[in-house]
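Remarks on the structure that follows.
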Amino acid sequence: MALSDLIDHRESSELLDEFAKREIRRATLAAVAIPGYQVPFGSREMPVARGWGSGGLQITLAVVHDDDTVKVIDQGDDDGVNAVNLRRLVTSSTGADESSIASEATLTQSRHRIPEDGLDETSILVLQVPVPEPLRGVERDMRELARMHAEADYSRMWVSLYEDKVRNGVITQTTGYPCLVNGRYVVATTPIPRWDIPRLHNAPFLTLFGAGREKRIYAIPPYTMVEPLTFEDVPFEVENSDGACCALCGKSESFLVSLPNSTTWLCSDTDWCARQRPAT
Amino acid sequence: MGYVSARGGLDAIRAAEKLVRTKRLVSDSNWLEEEQILDKLRLLVDRVMGEAGLWEPQLASKAIRQSEGDATEAVHLLRAYRSTLPRLAYSEATDVNSAQVMRRIVPAFQRVPGNQLLGRSVDYTARFLERTADADAREEAEKLRGAEREIVEEKSPPSEEISPRRLIDLLRDMDMLIDRRRTDDPEPFDITRTPARPPAPRSALLSSMSRADTGALVNQWYRNILGPDGYLHEVTLGEVRHATLPLNVRHPVTGDVVTVTHIRVSEVEAIEDLEGIDEDRTRFDVGYGLCFGHNERKAIAMANLDIACHRDAGNTQLEQSLLLTTDALDSAGFLEHLKLPHYVTFRSMIERKLAVRKMRSNEARTNDGA
Amino acid sequence: MSDTFTDQRFDVARLAIPDWLLKVEGLGKVYGPFDDAVINSTGSGPETAKSPLNGSIVAAWDVSFEVAPGEALGIVGESGSGKTTVLRCLAGDVTPSTGAATIRLGGSDLNMFAADAAERRRLRVDTVSVVYQDPSEGLKMNVTAGGNIAEPLTAAGWRNFAKIRMRASDLLSRTEVPLNRMDDLVRAFSGGMRQRVQIAKALANSPSVVLFDEPTTGLDASVAAGVLDLIRSLLEENRIAAVVVSHDFSVIEMLTSRCLVMHHGRIVESALTDQLLEDPHHSYTQRLVAAARS
């Protein structure tokens, strides 16, 4: 008898073996139990490269069943090429359905955006994380970073916010604004825009963060306090578009991105945009 | 300027895939067989297996062919495939002294028990690019084919052990070696199941380096020797070996130890002089390097960095660099992810710049008004 | 020429102060293995801190004293005397080999040496501050003066930007740092100015204990005089229990009411500062006083 006889040689479209999925689920449960804490996990290599969503993909694959409906977006766009690639990997290996409508999806995997609407208590949001460490800008040594989180010693972060405000007059953090979760851990909110930050606070949906390259999973359970780090007398500012409107749907209530000429604006959430326009 | 929503993401991907696949498979030149890659590009195959952390020469050849020669891409294919495989068993610990050496040199001494065995290496061959015409080269190959049966790869003389006694054993006999052998037998750290972060056990460091990108390890070594923030100096090499090792597993039914395959490894012991303030100047210490296949420069760098990390004892971030910045896929993947759309972030950056300008012009106006 | 106390005056080191805030008992720090024999082979009598028996260095041994709020205790000695070792143990930068250092806060006592690293760091935020000889040890050079002060404030929970700035500017003006330099990087400051910023930072959360390690060494004489003046008035204003370490008796004289003299890791003499200066008993103290007078 050869060892290979013990393996089922059926060609599987599975991207991860069952033990891996179990490991990932356990890590995810630990993350949900300790909101904001970065849980280390044995991140597997995926058919997409490190830095391209391998962490988000692992969480999705570990969590999704064939009766799920999956939405995948990149920069808010269902049709972004990386989103398309990830979506077809998920649907072909899990048998789940796909949809571009957030309220129809049971799980949304996203890079850099939260859908403008449609997420409720039945939704899971999986965010792809390039760098899970919010303190990376103020400290490089990993031993010291571990201590800072363990002791909730975020003073160096506060000093950098103070210096930012002093030097620039405003806090100039762009996307991935550091937030205090459940009053305990500071997290990197991936590069989602500040526009999306308020929707993390007390959200009805579960948010899972997957960092495949750095091999960390963290979570914000539903109805959890999420506070962007800022001084009480320095208001948190979302991106300002000076009242611009989307060239397609005419609305200004969503996060807008501009063309290089910076006079034409478009909704970043393409599905939300499409639903504002009368069906043609 | 009108905006047309580009709904062709899937189409674009499919077109790109078709183009790549067609160009790869269809050409006027001969079909490239896996055997040819295994046979003629053996060192590339070895390197790819080493960086994938997966010993399967046939699969590595397939990956190299599919990746059109991009070593890192081939490594990705292998590692992603590995993720689909269940873990069936753990091997028994292999005694490296049960190796069959094909090449063995010991720079630290002129003569050693078991002899210096140059073996199959281009180290002392002059690097002249051969520009013989293909036809002549094939003719030479045909002529050699007859004689090839008589050229057997030289092995250690039969009177010696198959695996010659190691230099560090000899140093131990001379009482010249710091003894850092453990009396306990801790489980090796499994970097494929738990991410290693400093401070990590030595097994985590060694396995990370064994699977590291070759260029990354060589560069880590070189910049620590000569770079502005480096502080290493060169070691003396003890053993440099290219050898075959058996891979043993307990049979799942009988419980007997069975050899399921043989692997080839490059193995290096690096001897460190120890001139640090708190170190024992009367002895040597040793670093260890081991990787899949014939890849001497990687094993040498690994051995050097192993002892360097031990001597560093956490004073600098050397351990962090070695554990976290030397993986081929992590580094290349993250670098290339910059090609992904980043227009949400970019838009947010522009917005903040405008906000700062506005704040500054407000302040200027206030000051003027005052 | 003896290191025993013959004295008609108070042995200040063994004076029990009823309302002490900081109490150090039997502090010892040895580098290398040691036992009684090793300890006894070192000290003022043997005239060495390094044991001839095994080369271990008894950097400090049997150091005990108490400090009350509002008073400053000096520790004087040349380099190698052990005074800096004592300060670094109290600061938490060095782990002592033996002894206790108790802080009495709001009625409860805490032995700092028995606390874990996290607790020691918390103490450094608002209870025990250190002013180092080299300001770059206590400050972040690439951060503004105001930002350096913001660090302990935010660590203590301050979250109002305007109030942080107000407190920082108060402290800076108290330490005579020009306010128009509040937003300059400390890296751009002169040595004396850096020291003032360090002092301002140390006082940010109104600590109960402040440790000064050679606060003016390395500064020009005129600059040093100004800083000393500042420290003295700050100590007078706040009910701080201060420990001032210096090799310079004139610094001790200016700032402290009592002091200990250390030599080869031991306390060799202790008394009220004035008395010590007027009438030093131990030969080593006499040398130090003479040096200060010249």
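Each chain gets a letter, A, B and so on, in the order its sequence line appears, and its residues count up from 1.
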Quick one, Pro191(A) and Val344(B) - any side-chain contact, counting heavy atoms below 4.5 Å?
no
Looking at Lys358(B) and Asp242(A), is there a salt bridge between them, counting it only when a charged N and a carboxylate O are closer than 4.0 Å?
no
Any chance you could measure Glu14(A), atom CD, to Ser83(B), atom OG, to the nearest 0.5 Å?
12.5 Å
Show the numbers, then the answer: is there a side chain to side chain donor-acceptor pair (under 3.5 Å) between Ser348(B) and Arg194(A)?
CA-CA 8 Å; Ser348(B) 188; Arg194(A) 281 164 280 129; 3.0 Å; yes
Specify which of Ala332(B), Gly314(B), Ser331(B) makes the most heavy-atom pairs with chain A at under 4.5 Å.
Gly314(B)
If you define the side chain from C-beta out and look only at heavy atoms, does anything of Glu45(A) sit under 4.5 Å from Arg82(B)?
no
With chain A, the option among Leu324(B), Val356(B), Leu354(B), Leu340(B) that has the most non-hydrogen atom pairs under 4.5 Å is Leu340(B)
By salt bridge (charged side-chain N to carboxylate O under 4.0 Å, His left out), Glu214(A) pairs with (sequence neighbours left out) Arg197(B)
Pairing of Arg352(B) and Glu239(A) as salt bridge, 4.0 angstrom limit
no
Can you find a pair of side-chain heavy atoms, one from Pro86(B) and one from Glu18(A), that are under 4.5 Å apart?
no
Could you check whether any side-chain heavy atom of Arg347(B) comes within less than 4.5 Å of a side-chain heavy atom of Trp195(A), counting everything from C-beta outward?
no
Do the side chains of His76(B) and Pro47(A) get nearer than 4.5 Å, heavy atoms only?
no
What's the spacing between Thr174(A) OG1 and Lys353(B) NZ if we round to 0.5 Å?
9.0 Å
Any Thr84(B) side-chain heavy atom under 4.5 Å of Asp17(A) side chain
no
Leading residue by heavy atom contact count with chain A [cutoff under 4.5 Å; candidates Met349(B), Arg79(B), Glu73(B)]:
Arg79(B)
Do NZ/NE/NH1/NH2 and the carboxylate oxygens of Arg50(A) and Asp330(B) come within less than 4.0 Å?
yes
Heavy-atom closest pair (Gly42(A) atom, Pro195(B) atom, distance to 0.1 Å) is N-CD, 4.3 Å
At a heavy-atom distance under 4.5 Å, which candidate from Met46(A), Arg111(A), Glu23(A) has the highest pair count against chain B?
Arg111(A)
Please flag which part of Ile192(A) lies under 4.5 Å from any non-hydrogen atom of chain B: side chain, backbone, both or neither.
neither
Toward chain A: residues of residues 14-22 of chain B with heavy atoms under 4.5 Å:
Glu17(B)
Any sub-3.5 Å donor-acceptor pair from Glu351(B)'s side-chain atoms to Ser241(A)'s backbone N or O?
no
